[in-house]
Visitor: 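Have a look at the structure that comes next, please.
Below, read A as the first sequence line, B as the second, and so on, with proteins coming before strands; counting in each chain starts at 1.
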Amino acid sequence: MPLIVLEEGTVRRAKLEDYEEAVYTLASIVPPGKVTTYGVIAKLLGVSPRLVGKILAANENPIIIPCHRVVGSRGDLKGYTGGGARVKRRLLELEGVKILGGKIARNHILEDPLQPAARGAGR
DNA sequence: CATCGAACCAACC
DNA sequence: GGTTGGTTCGATG
């Protein structure tokens, strides 16, 4: 069972709009200079990574939603609407994210936005 | 490392 | 009922 939303005693299947809030929130808590992945968000919300992408793609608040801070699981930029992945890379670099060979350094990827700085600079 | 194919979840036609 | 999306992962060359 994917997800059930309760509303005043009413149950229904989860809609994309129900995930929007969660996805946007997770994306917005990602600090500058760091990024998260579609897979992570998807896992946290219990949805498929593509859904996350679709939500971010359909986000109506690209300004308050740093959708460019969401990248592929392997550090790939993947797509980005509103200019293309080209712009995405530029934005991330401006935030302080290091990108090598078109891929983001692993140390910039937050595997869990809910637990930032899981290991600090480490090791 | 690059490419191919299969899985996921919901929306759309 | 079938296809598509800002994906992901495993197997092969």
Visitor: Counting side-chain heavy atoms from CB outward, which of B/dC8, C/dT8, C/dG6 is closest to A/R50?
Guide: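 Selected nucleotide (nearest to the side chain): B/dC8.
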Visitor: How about CD on A/E93, more than 12 heavy atoms from neighbouring residues, nucleotides or ligands closer than 6.0 Å, or not?
Guide: yes
Visitor: Quick one: label A/V70 by what it contacts on the DNA or RNA (base, sugar-phosphate, nothing), any heavy atom closer than 4.0 Å.
Guide: base
Visitor: Given pairs defined as Watson-Crick or G-U wobble with both distances under 3.5 Å, what dot-bracket annotation applies to DNA chain B, with ( ) intrastrand, [ ] crossing, | other strand and . unpaired?
Guide: |||||||.|||||
Visitor: Can you tell me how far C1' in C/dT4 sits from the matching atom in B/dC8, rounded to whole Å?
Guide: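 Those two atoms are separated by 13 Å.
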Visitor: A/L51 near the nucleic acid: base, sugar-phosphate alone, or nothing, with a heavy-atom cut-off under 4.0 Å?
Guide: base
Visitor: Using a heavy-atom cut-off of under 4.0 Å over every strand shown, decide if A/T81 touches base, sugar-phosphate, or nothing.
Guide: base
Visitor: What parts of residues 82-95 of chain A reach DNA chain C, counting only heavy atoms under 4.0 Å away?
Guide: A/K88
Visitor: How long is the line joining CZ of A/R74 and P of B/dC1, in whole Å?
Guide: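 It works out to 8 Å between those atoms.
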Visitor: Please state how far atom OH in A/Y19 lies from atom P in C/dG6, giving the value in whole angstrom units.
Guide: 18 Å
Visitor: Measure from the side-chain heavy atoms of A/Y38 and tell me the nearest of C/dG6, B/dA11, B/dA2.
Guide: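 The answer is C/dG6, which lies nearest to the side chain.
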Visitor: Just N and O in the side chain of A/S73: are any of them under 4.0 Å from OP1 or OP2 of C/dT8?
Guide: yes
Visitor: For A/E95, enumerate each residue passing the side-chain hydrogen bond (donor to acceptor under 3.5 Å, both in side chains) test, keeping only those at least two apart in sequence or located in another chain.
Guide: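 Result, side-chain hydrogen bond (donor to acceptor under 3.5 Å, both in side chains) vs A/E95: A/R69.
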Visitor: Between A/V47 and A/I41, is any pair of side-chain heavy atoms under 4.5 Å apart?
Guide: no
